[in-house]
Amino acid sequence: MRSGPFLCNLPAARDGPNPNATNMTNRHHNFVNGHWVDAQSGEWFENRNPANAGDLVGLFPRSDHRDVDAAVDAARRAFKTWRLVPAPKRAELLYRVARLLEERKEEFARAMTREMGKVIAETRGDVQEAIDTAYYCAGEGRRLFGDTVPVELPNKFGMSVRMPVGVCGLITPWNFPMAIPSWKAFPALVAGNTVVLKSAEDTPLSSVNFIKTLEDAGIPAGVVNLINGFGEEAGAPLVDHPDVPVISFTGSTAVGKIIAERGGRKLKRVSLELGGKNAQIVMDDADLELAVEGALWGAFGTAGQRCTATSRVICHERVLSKFTEMFLARAEKLKLGDGLDPATQVGPLINEERRKAVHQYVKSGVEEGATLLRGGGFSTGECVEHGWFYEPTIFTNVKPQMRIAREEIFGPVVAILRAGSLDEAVSILNDTNYGLSSSIYTKDINAAFRAMRDIEAGITYINGPTIGAEVQLPFGGVKETGNGHREASWTVLDSYTEWKSIYVDFSGRLQRAQIDTHDAEKQ
Ligand code: NAD
């Protein structure tokens, strides 16, 4: 085991009021029916900076089923009018949201880094994803295509149209605090639905900033509502509510299964975007510099806390030692620290509980016989001692059956596995319960196309890392990563619309369909 000293960045000095003051100014609210309100419990929960646990970001309302009921009631009433607003007009609102987000990008990115730790370049990217999604979905306001099709009978016309479904309950994780709410809310809204967003308890400030932007853009009261609080207290009542026909959930597979079961009892449409155990294959003809660069970014970007993070590198045995040596050398130089410092490359984990969970996985790797090449502990040093930092960790000699090779760790831990051929590499890659993202580095076009065909995943990158997505392509995974839905792109509209088939008979007489034509002619 090797674990070199870390280059750390001290937290940047912050302007403004004492962040620890629990005064009224850093209390935030729910947004229900166009008003910012407290939770009916009168209780609050804390949001702390994971890079510096002494820094209290704010207090947020601890909501329960009463707040959910009020928000759903407002959304249900607003749906009656919002669904009748022409889609291009609904889209105009999203264009205004996009422009406001552009103006506020830096402010929101800094707030996001403070509340969830990822480095400022990544939080700018998170807000940018919301901007891109707003523009993309606004464009859908002038499409929302249905079909016209030929019909069997004369003087008759057939078409299909997308109809909004009603109140959509959106339940989101903390790792993309603005991008993921935007992936859900914007397509739901442009399609004519109303929305109740349950923020993630670790990142409520970004949800407040997101909803405030919609308010400032002029969203009518009740069309968008925000509930802050915990999963069982505030999320579950949304899933159970009889007036919420759509649940769109992004989070862990464990919680996704609970939501699928609860929603299924009421025959709701439940869209699930869940965990991953993503792998990068490195073939013996790969550009190794590029492959190392990709693995470094994929494994340690966002401190490994992305659903698409590179958790495994499956390396061809002919380049295994060279790749490992180059990868290790680069990992040794990573700079940990406060994400607000532009020199920081790896921020903290989201909270102490997650840090302990990551450490348990590392211990299991050691116990099961993998070689801990570097890392494997809580980071130490002046710049990281007050936050939930974990050392970038690399395991070698990992066997496919080990827990670190099979289960989602959601931290800066990467397992390197050996493969003797493309077939073996693909077979190892596929040997998990998950199927979100994947990648292969090779110069052989035949190998690339075989990988594209045979890898079981919703996303495959050729000569790129497993992380990174663009809004105009479907996003989601197979197996226990989801239940067949896709976010982003035009495909997301299937989660937020019902197809209606419409027949227009302009013959002026009864034309009976679905009876035998000869019988019909005799009558
Ligand atoms: P989580 O499942 O713990 O929580 C997600 C959300 O669900 C939170 O808002 C939480 O309050 C809520 N929740 C928890 N229990 C609930 C319940 N019983 N009923 C209703 N709501 C409940 O996940 P997390 O820790 O916030 O996020 C990390 C996970 O999210 C990882 O597994 C990651 O892979 C996954 N993720 C997936 C994608 C994707 O698109 N596939 C994207 C980002 C994150």
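Start at 1 and go down the list; that is how both ligands and their atoms are numbered. One is the number of the first residue; the rest follow in order along the sequence. None of these values were measured; they are calculated from a predicted model.
A distance of 5.5 Å separates CG in Asp38 from NE2 in His29, rounded to the nearest 0.5 Å.
The stretch residues 174-198 participates, sequence neighbours left out, in these ring pair (Phe, Tyr, Trp, His ring centres under 6.0 Å) pairs: Trp174-Phe410, Trp183-Phe475, Phe186-Phe210. For residues 235-249, the pairs satisfying salt bridge (Lys or Arg N to Asp or Glu O under 4.0 Å) are Arg76-Asp243, Asp240-Arg262, with sequence neighbours left out.
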Ligand 1 N/O to protein N/O, distances under 3.5 Å:
from: ligand 1; atom 1: 2 (O); to: Ser252; atom 2: N; distance (Å): 2.8
from: ligand 1; atom 1: 2 (O); to: Ser252; atom 2: OG; distance (Å): 2.6
from: ligand 1; atom 1: 9 (O); to: Thr172; atom 2: O; distance (Å): 2.8
from: ligand 1; atom 1: 9 (O); to: Lys198; atom 2: NZ; distance (Å): 3.1
from: ligand 1; atom 1: 11 (O); to: Lys198; atom 2: NZ; distance (Å): 2.7
from: ligand 1; atom 1: 11 (O); to: Glu201; atom 2: OE1; distance (Å): 2.6
from: ligand 1; atom 1: 11 (O); to: Glu201; atom 2: OE2; distance (Å): 3.2
from: ligand 1; atom 1: 11 (O); to: Gly231; atom 2: N; distance (Å): 3.3
from: ligand 1; atom 1: 18 (N); to: Glu232; atom 2: OE2; distance (Å): 3.2
from: ligand 1; atom 1: 23 (O); to: Ser252; atom 2: N; distance (Å): 3.4
from: ligand 1; atom 1: 25 (O); to: Trp174; atom 2: NE1; distance (Å): 3.2
from: ligand 1; atom 1: 26 (O); to: Trp174; atom 2: NE1; distance (Å): 3.4
from: ligand 1; atom 1: 30 (O); to: Gly251; atom 2: O; distance (Å): 3.3
from: ligand 1; atom 1: 32 (O); to: Glu408; atom 2: OE1; distance (Å): 2.6
from: ligand 1; atom 1: 34 (O); to: Glu408; atom 2: OE2; distance (Å): 2.6
from: ligand 1; atom 1: 41 (N); to: Leu274; atom 2: N; distance (Å): 3.3
from: ligand 1; atom 1: 41 (N); to: Leu274; atom 2: O; distance (Å): 2.7

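Remark: Arg306 qualifies as a cation-pi partner of Trp297 under the 6.0 Å distance and 45° angle criteria applied to the six-membered ring. Both cation-pi conditions hold for Arg27 and Trp44: the charged atom is under 6.0 angstrom from the six-membered ring centre and inside a 45 degree cone around its axis.
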What side-chain donor-acceptor pairs closer than 3.5 Å can you find for residues 356-363, not counting sequence neighbours?
from: His359; atom 1: ND1; to: Tyr390; atom 2: OH; distance (Å): 2.7
from: Tyr361; atom 1: OH; to: Glu407; atom 2: OE1; distance (Å): 2.7

